[in-house]
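None of these values were measured; they are calculated from a predicted model.
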Amino acid sequence: MTPTPEQQRTKEGLIFLALFALTIPVANWLIGHVGTACVQHGPCVVPVAPGLMAPSGVMMVGVALVLRDLVQRRLGAGLSALAILFGTAISALLAPPALILASGIAFLLSEFADLAVYTPLARRRLVAAVVASSVVGLVVDSIVFLWLAFGSLEFLAGQVVGKGWMVLLSIPFVAWLRRRDERLGITPA
């Protein structure tokens, strides 16, 4: 039996929600364990552009911002806001002790900034809404996290570029999803 558009929207929303939740512990683990170099009492870093390094968790944060938008599109703003609060708790619980405050606050502020920008734009222009909200969220996340975690904005450019790459890579999928939704009659929550 073929699912109704509403059943399909809910199913996909739950998948996006699960993936969103997974980005948080993965980002926290990456920042302390994976990189081309690991700074003593600091993050493990990866190259994101020639001569530009960023903490390795940046890729997951870029993905989280896009997934939050997709959770909202499928499950609604209310559940998306609850997912942000839950994600903040997960972030604080799973972050390395030195990063708990920075990780939790950066996640909370960046995801709500993303929600605030995405919500008014999403009905008219999905791809533009995802890009604009993600850019706002990744800048907020980068500044707050780096300042609270390391007392420095040394990796700011790398953070922004690294997260930006993930948003850029998501655009074809988001555009495809929008076209598929129209074809299948799936409306945003």
Side-chain angles (χ1 to χ4, degrees), residues 2-24 26-27 48-49 54 57-91 104-146 156-189:
T2 304
T4 66
E6 186 174 317
Q7 290 169 328
Q8 186 69 26
R9 183 183 73 210
T10 301
K11 176 184 167 188
E12 290 175 8
L14 293 173
I15 291 168
F16 294 146
L17 179 62
L19 292 172
F20 174 71
L22 286 173
T23 62
I24 301 151
V26 171
V48 294
V58 300
M59 276 56 104
M60 286 294 104
V61 176
V63 170
L65 291 163
V66 172
L67 285 169
R68 198 229 47 88
D69 293 342
L70 297 178
V71 167
Q72 181 173 341
R73 182 168 175 83
R74 291 296 192 249
L75 302 176
L79 281 174
S80 182
L82 286 175
I84 293 169
L85 295 174
F86 182 71
T88 301
I90 290 173
S91 187
I105 291 174
F107 184 85
L108 180 72
L109 294 177
S110 66
E111 294 293 339
F112 273 116
D114 181 292
L115 184 136
V117 172
Y118 174 84
T119 301
L121 298 174
R123 296 257 181 211
R124 291 180 300 243
R125 308 244 354 200
L126 176 63
V127 174
V130 168
V131 171
S133 65
S134 295
V135 168
V136 169
L138 69 85
V139 169
V140 169
D141 182 79
S142 298
I143 291 170
V144 172
F145 180 78
L146 288 172
L156 181 60
Q159 285 259 14
V160 170
V161 170
K163 293 170 192 170
W165 278 118
M166 298 313 291
V167 173
L168 184 64
L169 290 172
S170 76
I171 292 171
F173 175 73
V174 173
W176 171 83
L177 188 65
R178 180 188 48 78
R179 288 188 307 273
R180 182 178 149 267
D181 287 356
E182 289 171 359
R183 189 179 75 248
L184 297 177
I186 298 174
T187 58

Quick test of your reading: applying ring pair (Phe, Tyr, Trp, His ring centres under 6.0 Å), list the pairs with at least one residue in residues 108-145, sequence neighbours left out, ordered by first then second residue. Phe145-Phe150
Do any pairs count as a ring pair (Phe, Tyr, Trp, His ring centres under 6.0 Å) and have a residue in residues 160-189, sequence neighbours left out, and if so which ones? Phe173-Trp176
Residues that [X] engages under side-chain hydrogen bond (donor to acceptor under 3.5 Å, both in side chains), provided they are two or more places apart:
X      : result
Ser142 : Lys163
Gln7   : Thr4
Thr187 : none
Thr119 : Gln72

Which salt bridge (charged side-chain N to carboxylate O under 4.0 Å, His left out) pairs, counting each pair once, include a residue from residues 168-181, with sequence neighbours left out? Glu12-Arg180, Arg73-Asp181, Arg74-Asp181, Arg178-Glu182
Taking all non-hydrogen atoms of both residues into account, name the closest pair between [X] and [Y] and its distance.
X      : Y      : value
Ala189 : Arg9   : N-CD, 3.9 Å
Val48  : Gly158 : CG2-O, 3.5 Å
Leu115 : Ala77  : CD1-O, 4.1 Å
Gly87  : Ile24  : CA-CD1, 3.4 Å
Met59  : Gly162 : SD-O, 4.3 Å
Pro5   : Gly185 : CB-O, 3.5 Å

Working to the nearest 0.5 Å, report the span between [atom1] of [X] and [atom2] of [Y].
X      : Y      : atom1 : atom2 : result
Ile143 : Leu138 : CD1   : CG    : 10.0 Å
Leu75  : Thr10  : CG    : OG1   : 6.5 Å
Ile186 : Gln8   : CD1   : CD    : 5.0 Å
Leu85  : Ser80  : CG    : OG    : 10.0 Å
Leu146 : Asp141 : CG    : CG    : 8.5 Å

Identified side-chain contact (heavy atoms from CB on, under 4.5 Å) partner of Val167 from the options Val135, Val174, Val66: Val66
Considering the options Ile15, Leu22, Leu17, Leu19, which one meets the side-chain contact (heavy atoms from CB on, under 4.5 Å) requirement together with Leu67? Leu19
Just jot down the side chain to side chain contact (heavy atoms under 4.5 Å, CB included) partners of Ala128, sequence neighbours excluded, or say none. Arg125
Which residues pass the side chain to side chain contact (heavy atoms under 4.5 Å, CB included) test with Val117, sequence neighbours left out? Leu121, Ala132, Ser133, Val136
Taking the side chain as every heavy atom from C-beta outward, state whether Ile84 and Leu108 have any pair of such atoms under 4.5 Å apart. yes
Listed partners of Phe20 passing ring-ring contact (aromatic ring centres under 6.0 Å, His included), at least two apart: Phe107
What residues, two or more places apart in sequence or in another chain, satisfy salt bridge (Lys or Arg N to Asp or Glu O under 4.0 Å) together with Asp69? none
